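Remember, it's a predicted structure, so these values are computed and weren't measured experimentally. What you see below is based on every heavy atom in this structure, not just the backbone, and it leaves out hydrogens, waters and symmetry mates. Residues: numbered from 1 along the sequence shown.
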Amino acid sequence: MRSSQAALSSARAGLEMAWESLQWHGEGGTGSLREALDSSAPPLHSATLHGRGAARPAAWQVPYRGGVLKGLALAAQIDDWLARGIIESSAAVALHRCLKNPEWFDLSDRTMVLLGAGSEAGPLRWLASWRARIVAVDIPDESVWRRIVAIVTDGNGTLIAPVRRTTRASDDEAVWLADAGVDLLTETPQAAAWVCAQDGPVDVAALGYLDGERHVRLSLAMDMMQVATARDPRTSMAWMATPTDVFAVPAGTARRAQEAFAQRPTMQRAWQAPVRLASGDRLFQPNVGEVEQSAEGLSYGLIDSLIVEQGPNYALAKRLQQWRALLAREAGHRVCLNIAPSTSTASVLKNPAFAAGFAGADTFGIEVFEPATTTAIMAALWVHDLRADETAANPARPLMHPFELFMDNACHGGLWTSAYRARSALPMAALVGWLRRPKPASVPAATD
């Protein structure tokens with residue numbers, strides 16, 4: 001953080017090491033990832049599906065806690081999130097801009113490549129209702145493609161799907177559905193060649209997720225896709241960043257976290273002190289230390305929201321994406337890497353500890369969003385970053401430091417403004433969550 005050049009050099013060295021360390025294993029043997037991208041592979045074909053919904057782009061609105069927010073109600077909720085420290089001021093400004101510019105959401109002029117199109121927190125449903133041309137990449141699984149097709153059919157966008165054999169314009173989805181899909185872990189060269197053959201320019205979003213070490217391999221496979229498409233300087237790139245990572249944050253945000261820790265009520269300090277001591281100083285640690293300054297004069301704090309239980313593979317996979325974002329913007333590409341709030345997706349809730357921690361997170365000022373809410377917000381921010389000149393995503397906008405890309409438009413759910421370091425509060429949040437669980441109904445004893 002202290003040097004822009006150090007940040008870019010670190011990103012470049014990290015990606016080079018990743019590309020050198022992992023190799024491609026294909027039918028022709030083993031080679032580098034770069035060699036794999038340049039290799040010939042059996043071509044993929046395209047199937048096209050047009051949505052059958054209303055032709056007018058859907059108005060942007062946000063599902064929230066059982067209702068739907070739009071207009072003045074949505075504007076008030078954005079202000080509430082800002083006031084409670086759930087989103088950054090830049091995110092609030094961006095979302096208000098989206099409300100004031102409904103014409104932005106006619107995406108008929110965009111070709112949007114979704115790597116992991118069926119992702120639960122991805123923007124497919126919104127893009128399909130905003131007239132986008134959607135180039136969808138997902139695994140060869142008929143159930144996945146049935147869901148994708150159903151979403152696009154209900155909207156007004158156009159789906160371009162990879163298939164193994166040639167289709168005709170008159171073919172309906174029943175003809176090619178079982179033949180759709182491509183596995184990025186084993187077919188990246190074919191997928192890259194297919195995407196690059198689409199009419200450009202393209203906006204490429206890396207949305208895929210897999211458990212464990214497969215996430216690192218998938219992130220590099222998606223990186224290969226973005227490197228291939230970046231040969232066109234008009235290509236834009238997008239990711240959804242996790243809030244559970246280490247970030248430099250604006251000085252005002254850092255001071256807000258410091259004040260929250262310093263202003264804890266006396267009774268709260270009293271009961272936390274022995275608990276912290278008994279835990280070996282692992283619980284209730286302050287979220288921010290000192291506010292520092294970069295060589296360029298930018299004041300910042302450091303937030304360490306890494307969650308150990310998510311594992312090193314998850315941390316590395318997300319760091320690879322940050323590195324690519326920094327270098328792509330430096331190379332002149334428009335880059336959207338916005339931090340999404342913690343979200344109660346199925347992949348997260350299958351871990352009982354996370355599920356309990358999410359259930360008690362509000363005790364520490366953290367808001368966990370439902371997938372539909374996150375999807376609506378992050379889709380709008382992607383549109384904002386493609387349309388607005390004022391965003392950090394725009395490479396023509398000067399930044400004091402490359403890490404401002406991550407500070408801009410951050411929707412961290414309160415992890416940056418909380419009094420406590422995330423992993424030092426998670427055990428207590430989980431305890432609260434367990435205590436809040438509904439008790440199973442008692443079963444009357446059987447009688448004769």
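The ring-ring contact (aromatic ring centres under 6.0 Å, His included) contacts involving residues 277-297 comprise Trp271-Phe284, Phe284-Tyr420, where partners must be two or more places apart or lie in separate chains. Sorted by first and then second residue, the salt bridge (charged side-chain N to carboxylate O under 4.0 Å, His left out) pairs involving residues 242-268 (not counting sequence neighbours) are Asp245-Arg319. Applying the ring-ring contact (aromatic ring centres under 6.0 Å, His included) test to pairs two or more places apart or on separate chains, those with a residue in residues 202-223 are Tyr209-His215, His215-Tyr314.
Under a 3.5 Å cut-off, the side chain of Arg147 and the backbone N or O of Gly118 do form a donor-acceptor pair. Within the 3.5 Å criterion, the main-chain N or O of Leu415 finds no donor-acceptor partner in the side chain of Ser418. Checking side-chain atoms of Arg329 against main-chain N and O of Leu405 turns up no donor-acceptor pair under 3.5 Å. Side-chain atoms of Ser10 do not come within 3.5 Å of backbone N or O of Leu8 as any donor-acceptor pair. Within the 3.5 Å criterion, the main-chain N or O of Ala257 finds no donor-acceptor partner in the side chain of Asn287. The main-chain N or O of Val249 is never found under 3.5 Å from a side-chain atom of Thr253 such that the two would form a donor-acceptor pair. No donor-acceptor distance shorter than 3.5 angstrom exists from the side chain of Thr391 to the backbone of Asn394, with no hydrogens or angles considered. Within the 3.5 Å criterion, the main-chain N or O of Lys318 finds no donor-acceptor partner in the side chain of Trp323. No donor-acceptor distance shorter than 3.5 angstrom exists from the side chain of Ser90 to the backbone of Asp408, with no hydrogens or angles considered. Of the possible donor and acceptor atoms, one in the side chain of His401 sits under 3.5 Å from a partner among the backbone N and O of Met1.
Using a 3.5 Å distance cut-off with no hydrogens or angles, the side chains of Glu296 and Ser294 do pair a donor with an acceptor. Checked by atom type, the side-chain pair Asp203/Ser236 shows a donor-acceptor distance below 3.5 Å. Judged purely by distance below 3.5 Å, without hydrogens or angles, the side chains of Thr244 and Gln310 pair a donor atom with an acceptor atom. With 3.5 Å as the limit, one finds no donor-acceptor pair spanning the side chains of Glu20 and Ser32.
In terms of heavy atoms, Leu283 sits closest to Pro427 at CD2-CG, 3.8 Å. When all heavy atoms of Thr374 and Ala340 are compared, the pair lying nearest together is CG2-CB, 4.3 Å. Contact detail for Ala251 and Val291: the closest heavy-atom pair is CB-CG1, 4.0 Å. Scanning all heavy atoms of the two residues, the minimum distance from Pro162 to Ala136 falls at CD-O, 3.0 Å. What you find for Phe364 and Ala425 is that their closest heavy atoms are CE1-O, 3.8 Å. What you find for Leu218 and Gly208 is that their closest heavy atoms are CD2-C, 3.5 Å.
When the options Leu114, Ile148, Ile151 are evaluated for a side chain to side chain contact (heavy atoms under 4.5 Å, CB included) with Ile134, the one that passes is Leu114. Partner of Gln285 under the side chain to side chain donor-acceptor pair (under 3.5 Å) criterion, out of Arg421, Arg276, Arg423: Arg421 alone.
Within the model, atoms CD of Glu292 and OG of Ser299 stand 10.0 Å from one another, a figure rounded to the nearest 0.5 Å.
With sequence neighbours excluded, the residues forming a side chain to side chain contact (heavy atoms under 4.5 Å, CB included) with Thr186 are Asp183, listed by chain and number. Under the rule for a side chain to side chain donor-acceptor pair (under 3.5 Å), the partners of Arg65 that lie at least two apart in sequence or sit in another chain are Glu367. With sequence neighbours left out, the side chain to side chain contact (heavy atoms under 4.5 Å, CB included) criterion links Ala295 to no other residue. Take Ala241 and apply the side chain to side chain contact (heavy atoms under 4.5 Å, CB included) test, not counting sequence neighbours, and it matches Leu337, Ile339. Asp106 meets the side chain to side chain donor-acceptor pair (under 3.5 Å) test with Ser108, Arg131; sequence neighbours excluded. The salt bridge (charged side-chain N to carboxylate O under 4.0 Å, His left out) test applied to Arg234 returns Asp232, not counting sequence neighbours. For Trp416, the ring-ring contact (aromatic ring centres under 6.0 Å, His included) test picks out Phe247, His412, with sequence neighbours left out. Residues passing the side chain to side chain contact (heavy atoms under 4.5 Å, CB included) test with Pro63, sequence neighbours excluded: Trp126, Ala372, Ala376.
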Review item, side-chain donor-acceptor pairs of residues 75-82, under 3.5 Å, at least two apart:
residue	atom	partner	partner atom	Å
Gln77	NE2	Asp80	OD2	3.2
Asp79	OD1	His96	NE2	2.8
Asp80	OD2	Arg84	NE	2.9
Asp80	OD2	Arg84	NH2	3.0
Trp81	NE1	Tyr64	OH	3.4

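Dense packing is recorded around CZ of Arg269, with more than 12 heavy atoms of other residues, nucleotides or ligands lying under 6.0 Å away. Around CZ of Arg231, the count of heavy atoms belonging to other residues, nucleotides or ligands within 6.0 Å exceeds 12. Sparse packing is recorded around CD of Glu290, with 12 or fewer heavy atoms of other residues, nucleotides or ligands lying under 6.0 Å away.
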* **Candidate pair Trp60 and Trp130, rule side-chain contact (heavy atoms from CB on, under 4.5 Å), full reasoning** => CA-CA 9 Å; Trp60 177 55; Trp130 290 338; 3.9 Å; yes
* Asked: What do the steps show when you test Arg146 against Val149 for side-chain contact (heavy atoms from CB on, under 4.5 Å), and what is the final call?
  -> CA-CA 5 Å; Arg146 285 193 182 281; Val149 163; 5.8 Å; no
* Apply the test side-chain contact (heavy atoms from CB on, under 4.5 Å) to residues Glu404 and Leu298: give CA-CA distance (whole Å), side-chain angles for both, the deciding distance (0.1 Å), then the verdict. => CA-CA 10 Å; Glu404 285 188 289; Leu298 177 66; 3.8 Å; yes
* Decide side-chain contact (heavy atoms from CB on, under 4.5 Å) for Met222 and Leu184; before the verdict, give the C-alpha distance in whole Å, the side-chain angles of both, and the deciding distance to 0.1 Å. => CA-CA 7 Å; Met222 293 190 293; Leu184 286 182; 3.9 Å; yes
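Counting only heavy atoms from C-beta outward, the side chains of Asn101 and Arg387 never approach each other to under 4.5 Å. The side-chain heavy atoms of Thr235 and Pro201, taken from C-beta on, include no pair separated by under 4.5 Å. Residues Thr188 and Trp24 form a side-chain contact, since some pair of their non-hydrogen atoms from C-beta on lies under 4.5 Å apart. At a threshold of 4.5 Å between non-hydrogen side-chain atoms, the residues Glu88 and Val93 do not count as touching. With contacts defined as side-chain heavy-atom distances shorter than 4.5 Å, the pair Phe369/Cys411 does not qualify. In this structure, the side chains of Asp385 and Val335 stay at 4.5 Å or more apart for every pair of heavy atoms. Contact annotation: the side chain of Trp382 approaches that of Pro123 to within less than 4.5 Å [non-hydrogen atoms, C-beta and beyond]. Contact annotation: the side chain of Leu115 never approaches that of Leu207 to less than 4.5 Å [non-hydrogen atoms, C-beta and beyond].
With salt bridges taken as basic N to acidic carboxylate O contacts below 4.0 Å, one links Asp362 and Arg436.
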